[in-house]
Every structure is written in C-alpha cells, then in structure tokens.
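First up is the structure itself, then whatever we jot down about it.
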Amino acid sequence: MGAHERSALQLLTFLLLALSPPALGSPPRLVCDSRVLERYILEAKEAENVTLGSAEDCSLRENITVPDTKVNFYAWNRMEISQQAMEVWQGLALLSEAILQGQALLVNSSQQPSQSLRLHVDKAISGLRSLTSLLRMLGAQKEATSMADAASAAPLRTFTVDTLCKLFRVYSNFLRGKLKLYTAEACRRGDR
C-alpha cells in the first residue's frame with residue numbers, strides 16, 4: 001500500500017469516527033466510578049472537619065440559602081429519575097452559589113481568613129464545577145430542564161446557614177446523600 005492509499009484510508013477512518021454518533025444509553029465510565037464521587041465527598045468532609053476544629057471565627061456576616069439535604073428514602077425511591085435529576089441539579093446550583101457567596105463574604109471580612117480556610121473554599125468551588133460537569137455528562141441537566149418545564153415540578157426545599165462550618169456540613173451531606181443516590185441510579189439505568 002502506497003503513501004497515497006494509506007493517507008486516503010486514514011482520512012476515511014477519521015471521517016467515519018468523527019461522523020459516527022456517540023454510543024447512546026451508556027453513561028461515561030468516569031461518572032459512574034464511585035471513587036470519583038468519593039474523592040469529592042472526602043474533600044467536603046475534610047473542609048467540614050477543618051472548620052469544626054478551627055480556632056478562627058467561621059461565622060458569616062449574613063445568612064446564606066442552601067438546599068435541604070434531608071432524604072426521605074421512601075419518597076426518593078418513588079420519584080421519577082427526572083425528578084431526582086431536577087432536585088440534584090437545582091441543589092448543586094444553589095450550593096455553588098452559596099459557596100461563592102461564602103467566599104465573597106470571607107474575602108470582604110475585616111479578619112483575614114487563614115490560608116487553610118481559603119484553600120478549602122477554593123477546593124469546594126473547583127469540586128462543585130467538576131461535579132456539575134459530571135452531572136451534565138450523565139444527562140442530569142437535560143432531565144432537570146425537561147422536568148422544570150412540567151407542571152408537576154415541586155420547589156426546591158431550602159434553609160439558611162450562618163457559619164462556614166454549617167455551609168461545609170450541607171456541602172458534605174448533599175454529596176453523600178442526594179448526589180450519590182442520583183448518580184448511582186442514573187449509572188444503574190445506563191448499564192442496562
């Protein structure tokens with residue numbers, strides 16, 4: 001086979017791969033690898049523990065609205081996957097806003113927060129961005145959007161926190177609860 005034929009074959013292979021649709025029905029393996037989510041849960045728990053044991057004042061100058069992390073397992077298991085997706089997607093969005101608001105309050109406070117505290121807030125922001133991308137790969141955004149358009153969409157339950165410790169506790173509980181439950185179910189359904 002000459003160089004010209006080899007180039008033509010490579011071009012044809014490239015075109016076929018580029019034009020072929022992605023495999024439907026199976027979520028990307030990275031999203032469904034429990035170790036990935038466990039890493040984010042561990043970081044969230046570590047941030048919670050650091051603020052619990054911190055000698056510095058972790059109170060915020062204002063209340064921050066966060067998603068309710070309580071899970072009624074009976075009700076959760078009876079929900080459609082799209083309802084679960086909407087609750088997780090909206091909760092993650094609200095949690096992202098809350099962490100960003102907490103970061104702004106820290107930066108603008110009269111006391112300079114420790115390097116460790118700033119690092120944990122920055123890690124939480126980065127982690128939430130990554131988790132949002134992973135959920136997007138699972139199709140949670142599409143599911144949530146289609147559910148939000150439906151009349152049966154219930155409003156997200158929320159409450160407020162006034163310390164970084166409480167904010168990180170909500171972050172940790174949300175990841176260990178609703179997010180973990182949703183990803184496990186979405187991955188299980190994708191494996192069929």
Side-chain angles (χ1 to χ4, degrees), residues 19-48 63-103 121 123-162 165-192:
L19 296 175
S20 65
L24 299 176
S26 66
R29 293 287 94 210
L30 177 64
V31 177
C32 295
D33 185 347
S34 63
R35 294 173 296 184
V36 173
L37 185 54
E38 288 300 325
R39 190 189 106 221
Y40 292 109
I41 291 170
L42 183 65
E43 284 180 4
K45 192 68 181 160
E46 186 180 309
E48 179 187 354
N63 289 338
I64 296 178
T65 303
V66 293
D68 186 2
T69 59
K70 293 182 193 122
V71 179
N72 175 335
F73 291 99
Y74 177 75
W76 183 267
N77 290 330
R78 293 176 49 118
M79 277 184 189
E80 292 292 323
I81 191 79
S82 57
Q83 289 174 299
Q84 293 174 355
M86 186 176 78
E87 194 159 324
V88 169
W89 187 260
Q90 288 178 339
L92 201 62
L94 184 57
L95 201 49
S96 295
E97 283 179 37
I99 297 282
L100 286 170
Q101 188 178 355
Q103 180 188 43
V121 171
K123 273 181 153 179
I125 291 168
S126 174
L128 285 163
R129 285 183 181 138
S130 297
L131 288 167
T132 299
S133 294
L134 291 174
L135 281 178
R136 211 176 265 126
M137 280 191 260
L138 262 181
Q141 184 180 22
K142 274 189 224 168
E143 293 270 1
T145 305
S146 67
M147 185 63 197
D149 295 339
S152 63
L156 182 68
R157 293 184 326 256
T158 63
F159 64 100
T160 59
V161 295
D162 58 358
C165 179
K166 290 176 186 174
L167 181 57
F168 282 130
R169 183 176 303 129
V170 168
Y171 176 41
S172 174
N173 288 343
F174 186 82
L175 298 187
R176 288 183 301 158
K178 292 180 180 180
L179 183 69
K180 192 171 186 176
L181 288 169
Y182 170 73
T183 55
E185 180 62 18
C187 289
R188 186 186 68 75
R189 289 177 180 225
D191 282 344
R192 285 187 194 161

Just checking R136: does its CZ atom have more than 12 heavy atoms from other residues, nucleotides or ligands closer to it than 6.0 angstrom? yes
Considering non-hydrogen atoms only, spot the tightest contact between V170 and P67 and give its length. CG1-O, 3.7 Å
Do Y171 and E48 pass the side-chain contact (heavy atoms from CB on, under 4.5 Å) test, and can you show the C-alpha distance, the side-chain angles, and the key distance before you say yes or no? CA-CA 8 Å; Y171 176 41; E48 179 187 354; over 6 Å; no
Do N77 and L181 come close enough that some side-chain heavy atom pair is under 4.5 Å? no
Go through the steps for I64 and I99 under the test side-chain contact (heavy atoms from CB on, under 4.5 Å), then give the verdict. CA-CA 9 Å; I64 296 178; I99 297 282; over 6 Å; no
For a 4.5 angstrom cut-off between non-hydrogen side-chain atoms, does V121 reach F168? yes
Inter-residue atom distance E43.CD - S130.OG, 0.5 Å rounding: 9.0 Å
List for me each residue that meets side-chain contact (heavy atoms from CB on, under 4.5 Å) alongside T160, sequence neighbours excluded, and say none if there are none. N63, T65
Locate the shortest heavy-atom distance separating A44 from S172; write the atom from each residue and the value. CB-CA, 3.7 Å
Assess whether side-chain contact (heavy atoms from CB on, under 4.5 Å) is satisfied between F174 and V66, documenting all intermediate values. CA-CA 10 Å; F174 186 82; V66 293; over 6 Å; no
Closest heavy-atom pair and its distance - R157, K70: NH2-O, 3.3 Å
Rounded distance (nearest 0.5 Å) linking atom CG of L42 with atom CG of L175: 11.0 Å
Between the main-chain N or O of I81 and the side-chain N or O of R189, is there a donor-acceptor pair closer than 3.5 Å? no
Pair L134-M137, side-chain contact (heavy atoms from CB on, under 4.5 Å): steps then yes or no: CA-CA 5 Å; L134 291 174; M137 280 191 260; 3.4 Å; yes
Tell me, do Q90 and M86 make a side-chain contact under 4.5 Å, heavy atoms counted? yes
I want to check something: taking the side chain as every heavy atom from C-beta on, are L179 and Y40 in contact at a cut-off of under 4.5 Å? no
Is any NZ, NE, NH1 or NH2 atom of the basic residue among R188 and E185 found under 4.0 Å from an Asp or Glu carboxylate oxygen of the other? yes
Atom pair OG1 (T158) and CG (L95), whose distance is rounded to the nearest 0.5 Å: 12.5 Å
Do other residues, nucleotides or ligands put more than 12 heavy atoms under 6.0 Å from E38 CD? yes
Under 4.5 Å between any side-chain heavy atoms of Y182 and E87, yes or no? no
For R176 and K45, work out which heavy atoms get closest and say how close. NH2-NZ, 4.5 Å
Side chains of L37 and K180: does their closest heavy-atom pair fall under 4.5 Å? yes
Can you give me the closest heavy-atom contact between F159 and V161, atom names plus distance? CE1-CG1, 3.8 Å
Separation of L138 CG from T183 OG1 (nearest 0.5 Å): 7.0 Å
